[in-house]
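Note sheet for the following structure.
Letters A, B, ... mirror the listed sequences (proteins, then strands); counts begin at 1. FYI, side chains are in, hydrogens and waters are out, and symmetry mates aren't considered; it's all heavy atoms of this structure.
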Number of protein chains: 2
Amino acid sequence: MKYSKLLIPTLREAPKDADTASSKLMIRSGMIRKIAAGLYDWLPLGLRVLKKVEQIVREEMNRADAQEVWLPTVQPRELWEETGRWQVYGKELLRFKDRKDTEFCYAPTAEEIITDLVRKDVHSYKQLPVYLYQFGSKFRDEIRPRFGVMRAREFYMKDCYSFHATESDAETYYGRMIEAYKNIFTRCGLKFRPVDADSGAIGGNFSHEFMVLAETGEDEIISCDACGYASNKEKHLKSFPEGAEVKVGDACPKCKSGKLIISRGIEVGHCFKLGTKYSAAMKAHFLDEKGVSAPFIMGCYGIGVSRVVASAIEQNHDENGILWPNAIAPYQIVIIPTNYEDAKIKEWADKLYSEFQALGLDVLLDERSERAGVKFKDADLIGIPFRVTLGEKGMAKGAAEIKPRAAKQFQEVPLDQVLPEVKKFFGL
Amino acid sequence: MKYSKLLIPTLREAPKDADTASSKLMIRSGMIRKIAAGLYDWLPLGLRVLKKVEQIVREEMNRADAQEVWLPTVQPRELWEETGRWQVYGKELLRFKDRKDTEFCYAPTAEEIITDLVRKDVHSYKQLPVYLYQFGSKFRDEIRPRFGVMRAREFYMKDCYSFHATESDAETYYGRMIEAYKNIFTRCGLKFRPVDADSGAIGGNFSHEFMVLAETGEDEIISCDACGYASNKEKHLKSFPEGAEVKVGDACPKCKSGKLIISRGIEVGHCFKLGTKYSAAMKAHFLDEKGVSAPFIMGCYGIGVSRVVASAIEQNHDENGILWPNAIAPYQIVIIPTNYEDAKIKEWADKLYSEFQALGLDVLLDERSERAGVKFKDADLIGIPFRVTLGEKGMAKGAAEIKPRAAKQFQEVPLDQVLPEVKKFFGL
């Protein structure tokens, strides 16, 4: 893509109300714009990242045999009454009336509507298990929206729900989802940790939070340095001080002994084994092998897709801008001709552009008539993983400058070595 | 995909409140389920069709250099006050207050928010033109939601907006969009017609509706049988009776003479040349070549993606079910082993399944232990374009039965002729 064809309104300064590294950088790099408290436009660059995360999540959901559906964001009060959550949810649930004074809410999560769907069409153990997921807008009317899209009111989420005939089948699938989540965050190029967690307001039997590690994270993660087991449960690791030695029996299930370490994280996903909390309340029953009516055993598995984008930045940035992991970078490589009017530079820029595209890379060609310094600053701010510069001095001796975003210095290489170096960097 | 892994809850009868062929068939084929008036779940089969239409639309928008963005569905009253539409829009605009009593609406269209985005970041003619589009939920609080997803309250829409420095540039791009729309509906495999139309509530200079032709359509299309020119403007063809001969000067711009024919259609897309209606009201200005401040010249271009799905069914169905065009069929080919327990049948079913997938086809393998008649009925109802049946009698003599969905009779062919026949049918 040619830079001048894209709307990438970069800014030298972040607005004063941007309160975290990621929200500042997302606004400065032209990924998002704020509309009102907790409401954001996603611009072309931001949406490219969001869509890349979405596609990784989709592929891993499909691999786990989950089927994609799409459910309304506007949901009737009646369904939320059945589980009692219309009352329980508090002011975070955005409620409104339609023109006929019927009450609805903008769904912050979809247990009710999906349970309603399954109870209407699944009646026998022979039809089980069923795994359904969707992507879409969710709304939570946060009392204090902050941290940019990290704690926005309208956000983009993947929510998956599973329905089982037996506890053991539900637990087996829960394990598959944990593996799927590990694959997702690994593929996104993020350092993360699954944390044994309390179930909180969603309820159910047990749960795991997936935390992207970042010094700026809101949550404390207490983990064992030997086995990596992490927990935020009072009864588990939380009752030990940092540095304490724990042994078998001390609520550290995976290893014989280790030392506790405390780190910080940002919650980006949550898996819940729900049990029958929703199915029992909503009389969502099936006939089991013996012909006995029983409520579905359920699990639910969420990922805050828009939040993953922000957390990736919290984890990967420096004073100049973002450092995207390759897999979710809006563009993976940028070509910077210092002067695109120069015939020889243009020829090589266009040639490399085609060659990089042929490798399957997302290429940005910064053909603007800006000074080289401006282009470098924008490329660093936007966080493109690899940069190739074609300047007049270099071209005169048949050389280009290459620089991974994370490197301090560029390297001068002969023009015919650019492609091999790029292949090496991307493992192609 | 194996049939038993999918949630396809087909029904013999449609519910009583289903009021059109497409809504009946979408519910019977397990594509959608109704939640409340004008609110629908999209099940796996329905979503596959929706996503295929979406992808065709996305490709053609990208080809027209439009950039994808994602805007909040929840939008502040202030923006809608700037254009006066907060008052004008009436009860179709779903309004609500957040927990702090600030007023918002669920956007039925996005002119205000996109104009706000562009006025904040585009200030010079050098940055123009800008073309932005998005996919997402829209909400229109219809007084009488009906016709299934055709006139739902929450629906899935592509909306594109263009910003130009000059009238002529806006008109040139309008022409490109008309071509993009023709490509989209052609690629979807639909018979359609662009209709010269009034601008209605969106306003602006001129507009075209895109109509999918269907006997059950709500709208009357008056067109010339010679040049195909169609219009719903009073001053144009509407003032002539059906069968009337029209000549040059009689408001039929493309041909010398022709006869008027009346057909019916379903509106699935609408292009508007907006002019400065929104930009002037919202003081969305740029500096032109002479340094003079001027409002952007705008266009907007919508497609009701969920409506395209329903209209495709209105146009393509028979008494047994849906007849999908290949490009948007949820699966393109179904393999029906009459008895998947039979080793030889299973071997051939699996072999063909792999071979069809290798051709790039979306294959459904109906390996359920249902009677062949049930499988045939479901395949017809769902509307898979091509069916391959492997039965015991046929296998004994080395033959399979093949049948395009639209054909009255199946054809028996030697097993080794199945693949060539499939290639021929799909033009591969």
So for [X], is it side chain, backbone, both, or neither that comes closer than 4.5 Å to the heavy atoms of chain B?
X      : result
A/K2   : neither
A/R153 : side chain
A/E92  : both

What part of [X] is in contact with chain A, defined as an atom under 4.5 angstrom from a non-hydrogen atom: side chain, backbone, both or neither?
X      : answer
B/L94  : side chain
B/V122 : side chain
B/F139 : side chain
B/Q127 : neither

Rounded to the nearest 0.5 Å, what separates atom [atom1] in [X] from atom [atom2] in [Y]?
X      : Y      : atom1 : atom2 : value
A/R95  : B/R99  : CZ    : CZ    : 10.5 Å
B/D41  : A/L132 : CG    : CG    : 9.5 Å
A/I35  : B/D116 : CD1   : CG    : 5.0 Å
B/K126 : A/S369 : NZ    : OG    : 7.5 Å

Using every non-hydrogen atom in the two residues, find where [X] and [Y] come nearest and quote the distance to one decimal.
X      : Y      : result
B/E68  : A/L47  : CG-CD2, 3.2 Å
A/V69  : B/W42  : CB-O, 3.2 Å
A/I143 : B/K100 : O-NZ, 2.9 Å
B/L50  : A/W70  : CD2-CE3, 4.0 Å

Should we count CZ of A/R144 as having more than 12 external heavy atoms under 6.0 Å?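 Incorrect, the count does not exceed 12.
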With a 6.0 Å cut-off (strictly less than), is the heavy-atom count around CD of A/Q87, excluding the residue itself, greater than 12?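 Enclosed: over 12 neighbouring heavy atoms sit under 6.0 Å from CD of A/Q87.
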Most chain A-contacting option - heavy-atom pairs closer than 4.5 Å, from [options]:
options                       : answer
B/Y40, B/F155, B/Y131         : B/Y40
B/G136, B/S137, B/A152, B/G30 : B/S137
B/V130, B/T73, B/L71          : B/T73

Are any side-chain N or O atoms of B/Q67 and backbone N or O atoms of A/K5, one a donor and one an acceptor, separated by less than 3.5 Å?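 Such a contact is found between B/Q67 side chain and A/K5 backbone.
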Looking at A/K91 and B/D98, is there a salt bridge between them, counting it only when a charged N and a carboxylate O are closer than 4.0 Å?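 The answer is no: the pair does not qualify as a salt bridge.
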Does the gap between the ring centers of A/F96 and B/Y106 come in under 6.0 Å?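 Ring centres of B/Y106 and A/F96 not closer than 6.0 Å.
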